[in-house]
Amino acid sequence: MEHGDTIAAIATASGRGAVGIVRVSGPHTAAIAREMLGCLPLPRHATLLPFMVAGGVPLDEGLALWFPAPHSYTAEDVLELQGHGCAVVLQQLLERTLALGARLARPGEFSERAFLNGRLDLTQAEAVADLIDASSTQAARAALRSLQGVFSKRLEALVSELTELRVYIEAALDFPDEEIDWLSESTVTQRLTNLQAHMTTLCSDASQGVLLREGITVVVAGRPNVGKSSLFNRLAEREVAIVTDIPGTTRDVLRETLHLDGIPLCLSDTAGLRSTNDPVEREGVRRAYRETAEADHILLVVEDMVGIGPEEQAILAEFPVGSVITVVRNKADLSGRPVGLSEGLLGTEVTLSATTGEGLSDLMAHLQGVAGYSTSEAGEFSARRRHLEALRQAERHLSTALATLAARSPELLAEELRLAQDHIGEITGAVTTEDLLGKIFGSFCIGK
Ligand SMILES: Nc1nc2c(ncn2[C@@H]2O[C@H](COP(=O)(O)OP(=O)(O)OP(=O)(O)O)[C@@H](O)[C@H]2O)c(=O)[nH]1
Ligand SMILES: [Mg+2]
């Protein structure tokens, strides 16, 4: 499939760089190449050539790469001009391609064409953006695996299982007179159960992928002076927050992103929670509570000598119902208690000293467990929240399908299976809307 117009963009990041790349894709690409290079380079070979602007004036010289359709990223004719990374020169080269009939590419439009031309499915195209945005080696590796089709293949396997079952049931629908005792055939129940099990495994592997990409938000909260900022600085490995022995030091919410074995952890330090007449501090407390409402996890810091007293009880009552909380018993160097994990009233407690750093590794390991990340590489691939939601929807339809077995209605069963398949189709792009594509590709970089 060819798209009518030819698109062009600077593919490298803006600013100075050793190399700068202009990329062109579409039907006019060959003509643009001849004008700007004086010839059409050998396909898929790096050719050193002058890059010319209007009137045949050379403006730069570099490697020209010519990828005739369909053996290119977009599956269209593609030209890449790799010149010196001078912003002015790159801009002029780009303008020359526009004068020769190309138009400026929208963000992600090269990848969108790759998707529309069947070179990549949607999860692979999204993996391209995820690889570019990866914030850790693990996240990059997972994105590459998705780009290479690991996630797509798992989805394909699920779809083919689903299709086989649908064919079998549709057959029962087509021959209603031939009283096939299709339900008593244990195969239907068995296949449905198998499908559901595969779906559940895929969901849990995909949620690992989402975790690698999005990470978790953790807020440090508690009474004034218990050592929240000291702990925050320790975890951030730098002196971000002001620490003093005056209760009520922190007012604003401070944020730092760190990595826990590849998972991004967005950590925030907050004002000490207490009732006060100081309007500035009161605002700080309000913001602190708001932060706890939005976090995936709350670290409730208490002084180990004090534990969970009436003040802490009052604070706990203000946390949103269902909050996931870990009590951090700080200042272990003063209490003299051994650091590490123990079981308390609210579940796991971590005893540590923000001053000496003892017990900190226990907290990190605990957080990793809480995030639900397992370091098995086998199922590792990148995924997005939208994939997970679609998988969960599909899972729900499979459960309903199992429930309809008792009603002995092949129509209902067929419908639930169709809906489940549609949801999986949304992930790979087999079923899409303009809206969804706009949202996905709109967040890409220009030139990708
Ligand atoms: N001995 C000891 N002192 C600590 C420890 N952690 C913090 N402190 C001290 O406790 C005091 C308060 O520390 P901060 O980190 O500012 O406490 P905070 O909870 O952020 O306080 P607010 O911002 O006022 O709510 C400071 O004097 C710290 O040096 C610890 O593990 N051991
Ligand atoms: Mg503080």
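Numbering of ligands and ligand atoms starts at 1, following listing order. Predicted model, so just to flag it, every value in this text is computed and none were measured.
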[X] and [Y] ion-paired at < 4.0 Å:
X: Arg154; Y: Asp205; value: yes
X: Asp304; Y: Arg337; value: yes
X: Arg238; Y: Glu256; value: yes
X: Arg223; Y: Glu303; value: no
X: Arg287; Y: Glu291; value: no
X: Arg103; Y: Glu109; value: yes

Return the minimal non-hydrogen interatomic distance between [X] and [Y], and the atom names on each side.
X: Ser146; Y: Phe151; answer: OG-CB, 3.9 Å
X: Thr12; Y: Ile21; answer: OG1-N, 2.9 Å
X: Arg119; Y: Ala75; answer: CG-CB, 3.4 Å
X: Cys203; Y: Leu391; answer: SG-CB, 3.6 Å

What atoms of ligand 1 come closer than 4.0 angstrom to any heavy atom of [X]?
X: Asp245; result: 27 (O)
X: Ile246; result: 24 (O)
X: Pro247; result: 24 (O)

Nitrogen or oxygen atoms of [X] and ligand 1 under 3.5 Å apart:
X: Gly227; result: yes
X: Pro224; result: no
X: Gly272; result: yes
X: Ala354; result: yes
X: Thr270; result: no

Closest protein heavy atom (residue, atom, distance) for [atom]:
atom: atom 1 (N) of ligand 1; result: Asp333 OD2, 2.9 Å
atom: atom 23 (O) of ligand 1; result: Thr250 OG1, 2.8 Å
atom: atom 18 (P) of ligand 1; result: Lys228 N, 3.4 Å
atom: atom 22 (P) of ligand 1; result: Asn225 N, 3.6 Å
atom: atom 6 (N) of ligand 1; result: Asn330 ND2, 3.1 Å
atom: atom 7 (C) of ligand 1; result: Ser230 OG, 3.2 Å

Structural part of [X] in contact with ligand 1, heavy atom criterion under 4.0 angstrom:
X: Leu334; answer: side chain
X: Thr355; answer: both
X: Thr244; answer: backbone
X: Asp269; answer: neither

query = What is the OG1(Thr250)-the Mg ion (ligand 2)-OG(Ser229) angle, to the nearest 10 degrees?
reply = 90°
Heavy-atom check, side chain of Leu419 versus side chain of Glu415, under 4.5 Å = yes
Donor-acceptor pairs under 3.5 angstrom involving side-chain atoms of residues 84-95: please list them, not counting sequence neighbours.
| from | atom 1 | to | atom 2 | distance (Å) |
| --- | --- | --- | --- | --- |
| His84 | ND1 | Asp60 | OD1 | 2.7 |
| Gln91 | NE2 | Glu95 | OE2 | 3.2 |

message = If we only consider heavy atoms of Leu352, is any one of them less than 4.0 Å away from an atom in ligand 1?
response = no
key: His397: ring pair (Phe, Tyr, Trp, His ring centres under 6.0 Å) partners, not counting sequence neighbours   = His423
Heavy-atom nearest option to atom 29 (O) of ligand 1, drawn from Ile242, Val243, Val226 = Val243
query = Taking the minimum heavy-atom distance to atom 10 (O) of ligand 1, which of Arg274, Lys331, Arg251 ranks first?
reply = Lys331
